[in-house]
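Report on the structure given below.
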Amino acid sequence: MSSPDGVSMNGGEPSVHDVVVVGAGFAGMYMLHKLRGLGFDVAVVERASGVGGTWYWNRYPGARCDVESMQYSYSFDPELEQEWEWTERYSGQPEILRYANHVADRYDLRRDIRFETTVTGVDWHDADNQWRLQTDRGEFRSRFVVMATGCLSTANVPHFDGVECFEGPTYHTGRWPHEGVDFSGLSVGVIGTGSSAIQAIPVIAAECRELTVFQRTPNYSVPARNEPLDAADQADWKANYRERRARMLTQQAAMVQRLPDGEEPAKEATADEFGERMQERWEVGGFTFYRAYGDIGLDAESNGRVAEFVRGKIAEIVDDPETAAKLTPHNTIACKRPCLDTNYYETFNLPHVRLVDVSETPIERISPAGVVVGGEEYPVDAIVFATGFDAMTGTLLRMNITGRDGARLADHWDAGPRTYLGLGVTGFPNMFTVSGPGSPSVLTNMIPSIEQHVDWIARCLVDLRERGAATIEPEPDAEAYWVDYVNAVADLTLFPTCNSWYLGANIPGKTRVFMPLPGFPPYVEICEDVASDNYRGFVLA
Ligand code: NA7
């Protein structure tokens with residue numbers, strides 16, 4: 001019998017399937033649809049009460065995708081991409097969540113999704129080649145598990161002394177209340193100035209009586225230039241979707257930019273040529289700014305030149321020189337996740353918005369009535385933690401996964417995540433990670449990256465079925481090689497030069513290893529090559 005929210009639980013007996021997928025975000029939904037179409041019995045386990053993953057949880061004011069709508073969508077069904085109408089250049093969270101729900105309805109996905117179910121343990125049993133997943137609502141068993149758990153799905157809420165005695169409400173951007181929050185008439189404190197805060201701050205400021213932003217590290221941001229989507233533009237995309245989607249896959253970040261990527265070194269451009277090019281991209285808006293020259297992510301001098309351009313913009317935009325100085329970053333640009341904004345720096349010109357620099361004097365504690373820094377209390381009625389996530393590994397490690405012979409994933413990843421292709425882990429047979437560490441994932445437009453992984457996993461499961469192979473797992477040497485390869489590629493870039501969540505540097509005690517792999521097209525080629533070469537580097541048994 002089917003339970004109200006999908007998968008049957010057989011009155012306390014384990015729910016047994018070919019494949020259990022953890023997570024019903026864009027990865028889990030497509031994985032379910034794809035495998036179902038190939039004749040597999042699939043169940044999806046999801047802790048939320050609805051689909052959408054990131055877009056289910058991140059409902060903070062101003063939450064919006066930084067990838068343009070026409071590109072941040074599934075490509076697997078040409079009918080779907082033709083029928084869905086986007087309304088803005090970059091979609092806001094409510095619209096993306098509506099799209100996710102539309103997909104769930106269109107392909108009748110919910111009947112195989114067990115909502116409001118949290119995985120608490122995942123164990124491999126060699127005796128019957130099965131995974132057993134313990135959840136807070138019963139046990140699931142399957143030959144294969146697919147971790148479609150997202151890269152930014154475990155909130156990071158740093159501990160501040162006294163927070164439990166704070167008299168007002170506190171919120172984390174990644175766990176925003178579904179009923180929304182009304183800040184009108186309130187004094188609000190926002191802690192953090194990453195991508196989420198940069199989107200939220202202007203919107204919260206427009207609503208509240210007083211806003212105090214606690215900034216530990218200033219961030220570079222470039223205008224998104226969001227606007228209603230032009231009907232002719234949308235029609236043009238739809239008429240050319242196949243060619244455009246194919247072109248996206250040839251790009252480093254799996255998305256095409258409004259202006260062609262510059263290939264020359266920034267440091268060799270004349271002052272006039274450089275200024276003109278950067279200004280044009282500043283006006284066009286979006287990630288094309290960060291791709292104005294070929295070596296922005298590779299060469300410190302070129303990077304410094306682009307950083308200086310943004311510093312100049314901050315000085316122009318922000319009226320108060322002291323606030324402008326505090327907002328001005330001095331580290332490598334685009335080394336942390338590049339930010340796009342709508343009036344972020346401008347917001348600090350508003351009389352009711354103030355910036356508190358906590359870089360040298362950290363937040364001391366939260367008092368019942370506010371945030372205390374350097375002995376001074378900043379009174380606030382509500383606190384927003386825009387403090388990010390335990391990225392890429394946090395959710396996987398919290399699931400208590402054990403592989404062959406009881407080996408714990410937490411131990412295997414003690415010195416940083418180890419995967420082969422970001423898809424499999426040695427000693428954890430038949431477990432796949434969608435956009436796992438060691439794959440391009442967060443450095444790309446996530447949906448094409450997800451589709452590439454889901455297609456690869458689906459092909460692999462079909463091949464195993466055809467060959468009668470019961471298990472697949474990476475050879476230790478292949479995994480070791482891949483870890484070295486990811487590090488070597490990252491070391492060619494400027495990414496390792498700052499304290500980003502890509503490196504795990506935002507979580508106290510987390511091992512610092514660069515987790516995603518820069519460069520989507522070569523990665524896709526390697527995955528194809530591995531599969532075609534009899535799953536080179538994997539053991540099939
Ligand atoms: P981020 O980018 O990790 O930003 C978190 C922010 O919170 C960042 O400014 C941090 O400062 C700040 N932070 C974290 N801990 C503290 C403490 N203890 N005190 C003060 N400030 C703190 O998370 P986002 O949610 O903005 O973005 C995550 C991704 O979601 C984003 O890249 C998109 O892909 C979507 P720090 O820089 O560490 O000094």
Side-chain angles (χ1 to χ4, degrees), residues 25 53-55 57-67 72 90 93 96 150-163 170-176 189-201 204 212-221 224 253 255 287 290 326-327 329-332 334-341 344 355-366 371-374 378 383-392 394-395 435 440-447 449 495 498-510 512 515-516:
T54 289
W55 303 104
W57 296 102
N58 285 266
R59 299 173 188 233
Y60 60 85
R64 188 173 291 288
C65 188
D66 285 339
V67 177
Y72 191 79
Y90 307 89
Q93 174 273 335
I96 303 174
C151 297
L152 298 157
S153 43
T154 293
N156 168 42
V157 185
H159 175 74
F160 294 108
D161 285 344
V163 69
T170 61
Y171 308 98
H172 185 279
T173 50
R175 296 187 200 149
W176 205 260
V190 173
I191 300 178
T193 51
S195 304
S196 303
I198 282 177
Q199 291 186 335
I201 283 167
I204 296 175
T212 309
V213 176
F214 299 90
Q215 171 193 273
R216 187 165 69 181
T217 312
N219 225 326
Y220 297 96
S221 188
M255 66 183 112
F287 288 136
Y290 298 102
K326 281 195 237 165
L327 282 168
H330 293 282
N331 54 352
T332 310
C335 169
K336 291 189 172 191
R337 159 66 153 75
C339 297
L340 303 183
D341 72 276
Y344 174 63
L355 181 67
V356 178
D357 181 349
V358 297
S359 58
E360 279 171 15
T361 316
I363 293 172
E364 190 178 307
R365 66 191 164 86
I366 309 275
V371 179
V372 181
V373 180
Y378 295 87
I383 299 175
V384 174
F385 292 103
T387 44
F389 301 88
D390 185 352
M392 306 201 74
T395 306
S435 53
S441 65
V442 289
L443 300 178
T444 67
N445 176 2
M446 286 302 292
I447 297 190
S449 270
F495 278 125
C498 67
N499 291 330
S500 66
W501 56 256
Y502 296 143
L503 273 165
N506 62 326
I507 303 295
K510 187 165 173 173
R512 293 194 184 200
M515 294 183 282

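Small disclaimer: the values here were computed from a predicted structure and weren't measured. In each ligand, atom 1 is the first atom listed, and ligand 1 is the first ligand listed.
Nearest to atom 33 (C) of ligand 1 among the protein's heavy atoms is Arg337 NH2, 3.5 Å. Residue, atom and distance of the protein heavy atom nearest to atom 3 (O) of ligand 1 are Trp501 CD1, 3.3 Å. Given atom 4 (O) of ligand 1, the protein heavy atom at minimum distance is Gly194 CA, 3.5 Å. Considering only non-hydrogen protein atoms, atom 29 (C) of ligand 1 sits nearest to Leu152 CD1, 3.7 Å. The shortest contact between atom 23 (O) of ligand 1 and any protein heavy atom is with Gly388 CA, 3.1 Å. Protein heavy atom closest to atom 21 (N) of ligand 1, with residue, atom name and distance, is Arg216 CB, 3.7 Å. With hydrogens left out, the protein atom closest to atom 26 (O) of ligand 1 is Ser196 N, 2.8 Å, a heavy atom.
Residue contacts with ligand 1: Lys336 is placed with a nitrogen or oxygen under 3.5 Å of a nitrogen or oxygen of the ligand (distance criterion only). Taking distance alone, with nitrogen or oxygen atoms compared against 3.5 Å, Ala386 approaches ligand 1 more closely than that limit.
The distance from atom CE of Met392 to atom NZ of Lys510, rounded to the nearest 0.5 Å, is 8.5 Å.
At a 4.0 Å cut-off, at least one heavy atom of Phe160 sits close enough to ligand 1 to count as contact. Ligand 1 lies nowhere less than 4.0 angstrom from a heavy atom belonging to Gln215. Note on ligand 1: Phe389 sits in its first shell, one or more heavy atoms being nearer than 4.0 Å.
Across Val358, Leu355, Asp357, a single residue satisfies side chain to side chain contact (heavy atoms under 4.5 Å, CB included) together with Val213, and that is Leu355. The one candidate from Ser195, Pro329, Cys498 that meets the side chain to side chain contact (heavy atoms under 4.5 Å, CB included) condition with Lys336 is Cys498.
In the vicinity of Thr193, heavy-atom distances shorter than 4.0 Å reach the ligand 1 atoms 6 (C), 8 (C), 9 (O). Close approach to Ile191 involves these atoms of ligand 1, each under 4.0 Å from a residue heavy atom: 20 (C), 21 (N). The contact set between ligand 1 and Gly192, taken as ligand atoms under 4.0 Å from a residue heavy atom, comprises 6 (C), 7 (O), 9 (O), 12 (C).
Residue-level proximity to ligand 1 for Ser195 is carried by backbone and side chain together, each with a heavy atom below 4.0 angstrom. At a 4.0 Å heavy-atom cut-off, ligand 1 touches Thr217 through backbone and side chain alike.
Remark: the backbone N or O of Thr193 is paired with a side-chain donor or acceptor of Asn219 at under 3.5 angstrom. Under a 3.5 Å cut-off, the side chain of Tyr290 and the backbone N or O of Cys339 do form a donor-acceptor pair.
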